[in-house]
Structures are given as C-alpha cells and as structure tokens.
Amino acid sequence: MRALEAKIREGLRIAGIDCQSVYQIPNEDAPRVLLAFGSSSKHLTPRRVKKVLDSLGIGQFNVPNEFQRLSAAFLHLEVVMGAKTEQTVVSSAL
C-alpha cells in the first residue's frame, strides 16, 4: 500500500499542506492512515485535511474533529478510509 501513502502525501503537498509522514495502519475492517504534521502549521485544520483527502479520488475519509498530539513536535490525525456514507435500506416484509 505504498502507492496509497504516496498519493496521500503528494495530494497534501499539492494543496500546500506540509505532511511529515503518512503511515498506513494494518486493519481488516477499514484502512486507517496516520498523518503527522509539523506543529508549526498555524492555519491547518482537520476540516481542510478532510477536504483535500476526499478530493484525491481514492474514497471518502472519516477525519476526527481535532488533532491528537502524540509528541511535542507533531500534530497527528488518524483517519479512516472508506467511511460509510450510505443510509441503511430497510425493506418491509409483506
């Protein structure tokens, strides 16, 4: 899945978002990706990151509302790829 990581990194770079690292977390249910950004990014918001990720054409992403700080130097976002957006279809039995 290096191609996925490279596409995310390149898409963020083109949008002017400096991403320090992209790491795919192994998960069978839904692919998760950990993104690390420099803590000096003043105008960076999770909403802006979500907008860029969704525009890449590789699927919809579920992005948390705030950054996590796992270290002093970086802001982190753990995003879930393939977030379900369809509504549940209910069929009535006749």
Side-chain angles (χ1 to χ4, degrees):
M1 285 290 176
R2 293 264 185 220
L4 174 67
E5 295 168 357
K7 187 163 189 169
I8 290 173
R9 181 187 294 268
E10 182 66 12
L12 291 169
R13 186 192 65 75
I14 289 171
I17 298 174
D18 185 29
C19 183
Q20 299 296 321
S21 65
V22 178
Y23 175 72
Q24 186 168 1
I25 301 169
N27 188 349
E28 292 179 14
D29 296 333
R32 295 182 306 150
V33 180
L34 183 65
L35 307 172
F37 306 95
S39 61
S40 62
S41 304
K42 297 182 189 319
H43 301 290
L44 184 62
T45 64
R47 184 176 176 182
R48 182 169 177 222
V49 172
K50 178 177 177 26
K51 185 177 177 182
V52 171
L53 292 175
D54 287 344
S55 72
L56 294 177
I58 54 177
Q60 294 292 316
F61 288 83
N62 184 10
V63 179
N65 293 330
E66 57 188 40
F67 290 104
Q68 300 165 333
R69 191 173 283 278
L70 302 177
S71 67
F74 299 105
L75 299 172
H76 297 85
L77 273 179
E78 183 179 323
V79 300
V80 178
M81 189 175 156
K84 293 188 177 185
T85 57
E86 316 91 42
Q87 295 180 358
T88 304
V89 177
V90 179
S91 63
S92 58
L94 294 174

Review point. Is there a donor-acceptor pair under 3.5 Å between the side chain of Gln24 and the backbone N or O of Pro31?
Key: no

Exercise for review: Enumerate the residue pairs fulfilling salt bridge (charged side-chain N to carboxylate O under 4.0 Å, His left out) with a member in residues 56-70, sequence neighbours excluded, ordered by first and then second residue.
Suggested key: none

Review point. Transitively linked via ILVMFWY side-chain contacts under 4.5 Å: Phe74 with Val79?
Key: no

**Study point:** Single-linkage hydrophobic cluster Ile17~Met81, side-chain heavy atoms < 4.5 angstrom
**Key:** yes

**Study point:** Single-linkage hydrophobic cluster Leu75~Val52, side-chain heavy atoms < 4.5 angstrom
**Key:** yes

Exercise for review: Please tell me if the side chains of Leu34 and His76 come closer than 4.5 Å, counting only heavy atoms from C-beta onward.
Suggested key: yes

Practice item. Could you list all the side chain to side chain donor-acceptor pair (under 3.5 Å) pairs where at least one residue sits in residues 10-22, not counting sequence neighbours? Key: Glu10-Arg13, Asp18-Gln20

**Study point:** Any Val49 side-chain heavy atom under 4.5 Å of Phe61 side chain
**Key:** no

Point to revise | Which atom of Gly11 lies closest to which atom of Leu56, heavy atoms considered | key: CA-CD2, 3.5 Å

Review point. Which pairs pass salt bridge (charged side-chain N to carboxylate O under 4.0 Å, His left out) with one or both residues in residues 51-65, sequence neighbours excluded?
Key: Lys50-Asp54

Study note, to complete from the structure: On a heavy-atom basis, the closest approach of Pro46 and Phe67 is CD-CE1, 3.5 Å

**Study point:** OH-CD distance between Tyr23 and Glu78, expressed to the nearest 0.5 angstrom
**Key:** 11.0 Å

Check your understanding: Are Leu53 and Leu35 close enough, and set up right, to give a side-chain contact (heavy atoms from CB on, under 4.5 Å), and what steps lead you there?
Key -> CA-CA 11 Å; Leu53 292 175; Leu35 307 172; 4.1 Å; yes

